[in-house]
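By convention here, the first residue in the shown sequence is residue 1.
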Amino acid sequence: MDTITVIIVLAIIVYIAFIIRLIISIIISYDNNNPVRTIAWILTVILLPLIGVLLYVLFGRNLHKKRSYFRKLNKKVKEKGAPYFNFEKEESELVEKYERLKNLLSAPLYLPVFPGNKIDLFAHGREKFAALFPDLEAAKHHIHILYYTIGDDVIGNKFKDTLIRKRREGVEVRLMYDEVGCNKVPKKYFKEMKEVGIEVVVFSPVRFRRLLKTINYRNHKKIVVIDGRIGYTGGINVKDEYIKGVDWGIWKDVHLRMEGPGTQGLQTLFFIDWFYESNKYLMDNPEYYPRLEHAGDNFLQTISAEPVGKFDHIMMGMVEAIMQAKKSVYIESPYFVPTDTFLDAVQIVGLSQVEIHLVMPEKSDNPMVQYASNSYVQQILDANVIVHRYEAGFIHSKLIVVDDELVIAGSSNLDIRSFELNFENNVFIYNKETALKAKKIILDDISNSKTVDPVQWMQRPRKAKFKESFYRLLSPLM
C-alpha cells in the first residue's frame, strides 16, 4: 500500500476507535436513566459521521461534573440552615386532601406550604407589565429578578431604565439572566445597569472553554421579588413579542402576581440560584424576609427543578396532581413532548373517565417541536383526551387546573427539555376560586381553538405523519 492509503486506513481505524469510545461514554454517561435518549444519541453519532459527534459534544453530554458541583452547593445551603421564613402558619383541609403531593413538593428544598396569599392571574403580557411596572416603581428596599430572556427593545429598555432609576433612589437591585436566552442583547445593556450599582449575574455563562458543558442546560425561570412582599412568576419574559404577538396572531401566555408569605418561597428560589453563581448567601438575612401578614386565602407551594438533581420534581408533582384528579383536568402548553411517565399519567386519567382537555398551538414558533408534539396527539386521543388547537396566534402558557381546586403555573413546558434539561420553577396553588379563574382562561382559549376530530386526524397526509414520526425520534435530543 502507498503512503496515502496507509494514512486513510489509519484515519478510519482511529475514527472507529473514537466512535466506540464515545458510544461507551454515552452509555455510561446516562446512568441507565433514559435508555431511549441513549439509543438516540448512539444512532446519531453512528449514522451522521462527524456531524453527529459534533451534535453530541454540543448538546448531548451529561452533567456529571456540573451535577457534582451543584450537589456540593446544595449541601452548603443545607449546612447554612433554613431560610428565614417569617409568617404565621395555618392548616388547610384542601392541602391535606393532597397530602402526598404536598409532601412530594416539600422534599427537595424543605419549603413549606405558604398560607394567606393573594393571587392575580394575567392572561396576556400587557396585563402583566401593567401591574409589574407600578410595583417596581413602588419598591423601597430591594428588587430581585431572574429571567431567561430580556429584550433590547421597547419593553426591555423601559424595564432597564426603571431598574436604573430605582437603584439611584437607593433600592438594592439584583438581576440574574440566562446568557443563551439573552444572546442577542448587547453587552452595553447590562453594562449600564452595573455602572449605577445594580448587581448583575449571568447564569452559567457560555465561554468557549465551557461551551460544551453549559450550552444545553439553561435557566428558564421567571422570578421577580419586590421588597420580599410581592412576587411574580409564570411564562412571560421581558420582550416586546409578549405584547405585540407573532406574525400570525397574539402571543397568549399566563403569568401571576402574588402577595403574602408565598413570596418568601420565590425569594428562596432566587437566592439559591444567586448563591450558585455568585457564591453569596443571603437566605439568612431577615431584611429579605419581612414579617408578612396574610393577604388572601390561597395556599401555595413553590418548587424548582434542575437537571443536576436526582429527580424531576416539577414533572413528578404534575403527574401526582393529575393522577389524583376525580372530575377534570385542563392543560395548556406550547409544546407537548412529554416523558413516558407524564404521557402514561395523562392516558391513565383519560381512560378512567376523568374529563381531560389539552390546549396546544395550531402553529408553533418551533416547527420541529410542533411536529414532535403532533406525534403524540393520536395516543392521547385514543385515551379519551380532548385536544384543542389554538388558532388566534401562538399559545405559550403553561397552565394546569385539576378538579377546579388546584392550579399549576410557572416556567416549565410539558416537554423533555423543561423536565430534564432546564432549570425551571413552578407554583402549585390550592384554592377553588383561583382554580376557577385559571379554568376560565383556558376555556376562553378553547373558544379560540378548534377541537381535534379523531377521524379527521387519522386522515392527515402521510407526509405529515412521516415528519411527525421523524422529529419524535429526535425528541430526546431536542
Side-chain donor/acceptor pairs under 3.5 Å, residues 266-273, sequence neighbours excluded:
from: Gln267; atom 1: OE1; to: His144; atom 2: ND1; distance (Å): 2.8
from: Gln267; atom 1: NE2; to: His142; atom 2: NE2; distance (Å): 3.1
from: Gln267; atom 1: NE2; to: Tyr288; atom 2: O; distance (Å): 2.9
from: Thr268; atom 1: OG1; to: Gln264; atom 2: O; distance (Å): 2.8
from: Thr268; atom 1: OG1; to: Tyr289; atom 2: OH; distance (Å): 3.0
from: Asp273; atom 1: OD1; to: Lys221; atom 2: NZ; distance (Å): 3.3
from: Asp273; atom 1: OD2; to: Asn219; atom 2: ND2; distance (Å): 2.9
from: Asp273; atom 1: OD2; to: Lys221; atom 2: NZ; distance (Å): 2.9

Indicate every side-chain donor-acceptor pair of residues 194-202 with a distance under 3.5 Å to a residue at least two apart or in another chain.
from: Glu199; atom 1: OE1; to: Lys280; atom 2: NZ; distance (Å): 3.3
from: Glu199; atom 1: OE2; to: Arg174; atom 2: NE; distance (Å): 3.4

Donor-acceptor list for residues 114-128 side chains, cut-off 3.5 Å, not counting sequence neighbours:
from: Asn117; atom 1: OD1; to: Gly262; atom 2: N; distance (Å): 2.6
from: Asn117; atom 1: ND2; to: Phe114; atom 2: O; distance (Å): 2.8
from: Asn117; atom 1: ND2; to: Pro115; atom 2: O; distance (Å): 3.2
from: Asn117; atom 1: ND2; to: Asn298; atom 2: O; distance (Å): 3.1
from: His124; atom 1: ND1; to: Arg126; atom 2: N; distance (Å): 2.9
from: Glu127; atom 1: OE1; to: Ala123; atom 2: N; distance (Å): 2.9
from: Lys128; atom 1: NZ; to: Tyr147; atom 2: OH; distance (Å): 2.6
from: Lys128; atom 1: NZ; to: Ile236; atom 2: O; distance (Å): 2.7

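Note on Glu241 versus Lys244: no salt bridge recorded, every NZ/NE/NH1/NH2 to OD/OE distance being 4.0 Å or above. Ion pair Lys432/Asp404 not flagged as a salt bridge, since none of the NZ, NE, NH1 or NH2 atoms sits closer than 4.0 Å to an Asp/Glu carboxylate oxygen. A salt bridge does not link Asp152 with Lys160: every distance from a Lys NZ or Arg NE/NH1/NH2 to an Asp or Glu carboxylate oxygen is 4.0 Å or more. Ion pairing between a basic and an acidic side chain is recognised when a charged N comes within 4.0 Å of a carboxylate O; Lys437 and Glu433 show such pairing. A salt bridge between Glu332 and Lys398 is absent, with no side-chain N of the basic residue lying under 4.0 Å from a carboxylate O of the acidic one.
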Please evaluate residues Phe299 and Leu94 with respect to the criterion side chain to side chain contact (heavy atoms under 4.5 Å, CB included), reporting the C-alpha separation (whole Å), side-chain torsions for both, the decisive distance (0.1 Å), and the verdict.
CA-CA 9 Å; Phe299 288 75; Leu94 181 56; over 6 Å; no

Walk me through whether Val369 and Val337 qualify under side chain to side chain contact (heavy atoms under 4.5 Å, CB included).
CA-CA 8 Å; Val369 179; Val337 187; 4.0 Å; yes

Between Asp365 and Tyr335, does the side-chain hydrogen bond (donor to acceptor under 3.5 Å, both in side chains) criterion hold? Intermediate values first, please.
CA-CA 10 Å; Asp365 65 337; Tyr335 318 116; 2.9 Å; yes

Step by step, would you call Arg167 with Glu169 a salt bridge (charged side-chain N to carboxylate O under 4.0 Å, His left out)?
CA-CA 5 Å; Arg167 181 66 195 113; Glu169 292 175 4; over 6 Å; no

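Of all the heavy atoms in Gly317 and Leu101, the pair that sits closest is O-CD1, 3.4 Å. Phe203 and Asp178 make their closest contact through CD2-OD2, 3.9 Å (heavy atoms, listed as atom of the first residue, atom of the second, distance). Contact record, Asp253 with Gly235: OD2-O, 3.2 Å, taken as the closest heavy-atom pair. Closest of all the heavy-atom pairs between Ala435 and Leu406 is CB-N, 3.9 Å. Minimum interatomic distance between Pro290 and Arg229 (heavy atoms only, all atoms of both residues): CB-NH2, 3.6 Å. Scanning all heavy atoms of the two residues, the minimum distance from Ile230 to Tyr232 falls at CG2-CE1, 3.8 Å.
In terms of the side-chain hydrogen bond (donor to acceptor under 3.5 Å, both in side chains) criterion, Glu391 has no residue partners (sequence neighbours excluded). In this structure, His313 has no side-chain hydrogen bond (donor to acceptor under 3.5 Å, both in side chains) partners at least two apart in sequence or on a different chain. The ring-ring contact (aromatic ring centres under 6.0 Å, His included) test applied to Tyr189 returns no partner, not counting sequence neighbours. Applying the side chain to side chain contact (heavy atoms under 4.5 Å, CB included) test to Asp153 and every residue at least two apart in sequence or in another chain returns Ile155, Lys239, Asp240. Residues meeting the side-chain hydrogen bond (donor to acceptor under 3.5 Å, both in side chains) test with Ser333, sequence neighbours left out: none. Under the side chain to side chain contact (heavy atoms under 4.5 Å, CB included) criterion, Lys140 pairs with Asp227, not counting sequence neighbours. For Glu320, the salt bridge (Lys or Arg N to Asp or Glu O under 4.0 Å) partners two or more places apart in sequence, or in a different chain, are Arg100. Under the side chain to side chain contact (heavy atoms under 4.5 Å, CB included) criterion, Ala305 pairs with Ile314, not counting sequence neighbours. Residues that satisfy the side chain to side chain contact (heavy atoms under 4.5 Å, CB included) test with Leu443, not counting sequence neighbours, are Tyr330, Lys439, Ile446.
Checked against Lys252 for a side chain to side chain donor-acceptor pair (under 3.5 Å), the options Asp444, Asp445, Asn448 give a single hit: Asp445. For the pairing with Glu424, the side chain to side chain donor-acceptor pair (under 3.5 Å) check across Ser412, Ser304, Ser418 returns one residue only, Ser418.
Using modelled atom types, no side-chain atom of Ser364 and backbone atom of Pro367 make a donor-acceptor pair closer than 3.5 Å. Between the Thr263 side chain and the Glu259 main chain, no donor and acceptor come within less than 3.5 Å of each other.
For the pair His255 and Tyr242, the minimum side-chain heavy-atom distance is 4.5 Å or more. Side-chain contact between Glu362 and Tyr390: absent, with no pair of heavy atoms (C-beta onward) separated by less than 4.5 Å.
In the displayed structure, Asp247 atom CG is contacted under 6.0 Å by at most 12 heavy atoms of other residues, nucleotides or ligands. Around atom CZ of Arg165, more than 12 heavy atoms belonging to other residues, nucleotides or ligands sit under 6.0 Å away. Within 6.0 Å of OH in Tyr371 there are 12 or fewer heavy atoms belonging to other residues, nucleotides or ligands.
Remark: the Thr339 side chain and the Asp312 side chain contain no N/O donor-acceptor pair separated by less than 3.5 Å. Between the side chains of Tyr471 and Gln370, no donor N or O sits under 3.5 Å from an acceptor N or O.
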